[in-house]
Amino acid sequence: MKKIAIAIDGPAGSGKSTIAKTIAKELSIIYVDTGAMYRAVAYDCLAKEVSLGDEEAVVAVLEQMDLQIKLVDGEQRIYLYGVDVTKDIRTQKVGQGASDVAKIQKVRQTLGDMQRDMAKEHSLVMDGRDIGTCILPEAEVKIYLDAKAEKRAERRVGELIQKGETPNLDVVLQEVILRDTEDMNRKHNPLRQAEDAIYVDTTDMNIEEAVAAILQITKDKVGGM
Ligand code: DC
């Protein structure tokens, strides 16, 4: 099989990670969750009580940071200073923090270089906000995954409950809307659909339907795999 890259971008809660992970499994290729990398930077800053709005301080943390992305049984694991923080970075607070540090150009550059390096070596499905537009502009398949904000908030609530949090739907909806606005309006590499990306609305789709739709798009683009 020739090396391929599938770029999946979209707002928080559009189903990107679950769908991307399933597609990667189906195609026996790697899944890279780039949001987790921004979350790791935010997590480290929060642990060090560094203000996420203080660019210089965040960059100082970034420069000292020992971040490793490992694949364990096909699953991406994030290690900070040798400690597995994969689960710890999944909170709402770290998610908003990730959106904050993602505004900083130096953070985007450093993580973006790591992401491009991964794509040089492997066939992969990579999800994020700027994969089709900036990180992998030559990706064979580009998908922009979207869903109504209310539906995305409902999904986030479900995920957070599973993780032991006790979220309030209205609060989560406001957080989802705020994060979208910030991700879409930041100066560097904002979230937007690449011109050659295919728009997939998952509001009324379940995971299986969305996966099937993207696998079909992939087949149409790159032929039998
Ligand atoms: O996908 P997520 O919720 O884990 O992402 C957390 C934040 O990280 C998101 O709100 C914006 C930022 N991010 C980004 O700016 N670029 C990416 N490629 C991935 C995530």
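All ligand and atom numbering here is 1-based and tracks the order in the structure. Throughout, numbering of the chain's residues begins at 1 and tracks the sequence.
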Answer yes or no: is there an ion pair linking Asp183 with Arg129, defined by an N-O contact shorter than 4.0 Å?
yes
Extract all donor-acceptor atom pairs below 3.5 Å that involve side chains of residues 58-68 and protein atoms in other chains or at least two apart in sequence.
none

With the threshold set at 4.0 Å, does a side-chain nitrogen-carboxylate oxygen contact exist between Asp100 and Arg39?
no
Does this structure show an ion pair linking Arg152 with Asp180, if we count only N-O contacts that are shorter than 4.0 Å?
yes
Suppose the criterion is side chain to side chain donor-acceptor pair (under 3.5 Å): which pairs have a residue in residues 106-119, not counting sequence neighbours?
Tyr38-Arg108, Arg108-Asp130, Asp113-Arg116, Asp117-Lys120
Sub-4.0 Å heavy-atom environment of ligand 1, residues by chain:
Thr34, Gly35, Tyr38, Arg39, Arg90, Ala98, Ser99, Ala102, Arg108, Gly128, Arg129, Asp130, Ile131, Arg156, Arg179, Asp183, Arg186
Per the side chain to side chain donor-acceptor pair (under 3.5 Å) rule, what does the pair list look like for residues 40-56, sequence neighbours excluded?
Asp44-Lys48, Asp44-Tyr81, Lys48-Tyr81
